[in-house]
Amino acid sequence: MSITCLDEENFDTCAQKMTQYSARLLKKPMQCRSIATCAHLFWCDARRDGKRVLECLQKCLKITDAVVQADPKQVVLWVEMLDKYSYYYEHECEDVTAKFVQSLINLCFEHIAFAENDVQSASEGRQAKAHLQASLAYLRGLRSEEHTSELQSPLQS
């Protein structure tokens, strides 16, 4: 993210390759986290490409959905993705809107409720809920700032 010696074309090539390699990791949860981290390559000092950030994040949501459908114990991935979306929203990435964040909050509540009601994933569901509550507290703090006034109260669910 802090490489400054590459021209724009070479930086883009490196960022794309890193993202592609991240998508090839063997374990899906690691793929998801790695691609989400690669999104930073498209929103840094060298590059401000909100469209590419959103592409990475949406790919992560698809992977997260597949992972959690197969194994509800991985429900915390939803909250981790909320954290990533919140980061880009807070850093004024124009393609990551309050609507995306609000929708993701609702998805988190939905998946956590399912996980908590499943005997095998109840413990992970409670941990994800605690993580979500911390994330929502942070978002409530952001709401007081001008650029986050679009967010509705996340505890409406």
- request: Kindly indicate, with the supporting measurements, whether the criterion side chain to side chain contact (heavy atoms under 4.5 Å, CB included) is fulfilled by Cys32 and Met81.
  value: CA-CA 9 Å; Cys32 184; Met81 292 304 103; 3.7 Å; yes
message: Walk me through whether His111 and Gln69 qualify under side chain to side chain contact (heavy atoms under 4.5 Å, CB included).
response: CA-CA 9 Å; His111 286 277; Gln69 292 293 330; 3.9 Å; yes
- request: Check the pair Val53 / Asp95 against side chain to side chain contact (heavy atoms under 4.5 Å, CB included), numbers first and verdict last.
  value: CA-CA 8 Å; Val53 168; Asp95 292 283; over 6 Å; no
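When each of Asp71, Leu82, Val67 is tested with Leu77 by the rule side-chain contact (heavy atoms from CB on, under 4.5 Å), just one qualifies, namely Val67.
Rounding to the nearest 0.5 angstrom, the gap separating the OG atom in Ser135 from the CD1 atom in Ile105 is 9.0 Å. In this structure, Asp49 CG and Glu94 CD are separated by 8.5 Å, a value rounded to the nearest 0.5 Å. A distance of 8.5 Å separates CG in Leu136 from OG in Ser86, rounded to the nearest 0.5 Å. Between Leu25 atom CG and Arg33 atom CZ the span is 12.0 Å, to the nearest 0.5 Å. Within the model, atoms CD of Glu80 and SG of Cys108 stand 10.0 Å from one another, a figure rounded to the nearest 0.5 Å. Rounding to the nearest 0.5 Å places CE of Met18 at 13.5 Å from NE2 of His40.
Cluster annotation: Trp78 and Val101 are assigned to the same hydrophobic cluster (Ile/Leu/Val/Met/Phe/Trp/Tyr, side-chain heavy-atom contacts under 4.5 Å, transitive). The hydrophobic cluster containing Ile112 also contains Tyr138, counting ILVMFWY residues as joined when their side-chain heavy atoms lie under 4.5 angstrom apart, directly or transitively. Linking Ile, Leu, Val, Met, Phe, Trp and Tyr whenever their side-chain heavy atoms come within less than 4.5 Å leaves Ile63 and Leu61 in two separate clusters. Phe109 and Val68 fall within a single hydrophobic cluster, where Ile, Leu, Val, Met, Phe, Trp and Tyr are joined by side-chain heavy atoms under 4.5 Å apart, directly or via other members. Cluster membership check: Leu57 shares its hydrophobic cluster with Leu132, using side-chain heavy-atom separations under 4.5 Å among Ile, Leu, Val, Met, Phe, Trp and Tyr.
For the pair Gln16 and Phe42, the tightest heavy-atom approach, listed with the atom from each and the gap, is N-CZ, 4.3 Å. Residue Cys44 comes nearest to Phe11 through the heavy atom pair SG-CZ, 3.8 Å, listed as atom of the first residue, atom of the second, then distance. Contact record, Ser22 with Gln31: O-CG, 3.4 Å, taken as the closest heavy-atom pair. Among all heavy-atom pairs drawn from Ser121 and Pro72, the shortest one is OG-CB, 3.6 Å. Ala115 and Gly125 make their closest contact through CB-CA, 4.0 Å (heavy atoms, listed as atom of the first residue, atom of the second, distance).
Aromatic ring orientation, Tyr85 versus Phe100: tilted (interplanar angle from 30° to 60°).
For Asp83, there are no salt bridge (charged side-chain N to carboxylate O under 4.0 Å, His left out) partners, not counting sequence neighbours. Shown here are the salt bridge (charged side-chain N to carboxylate O under 4.0 Å, His left out) partners of Glu55, two or more places apart in sequence or in another chain: Arg52.
More than 12 heavy atoms of other residues, nucleotides or ligands lie within 6.0 Å of CD in Glu110, so this atom counts as buried by the packing criterion.
The closest side-chain heavy-atom distance from Cys56 to Thr19 is below 4.5 Å.
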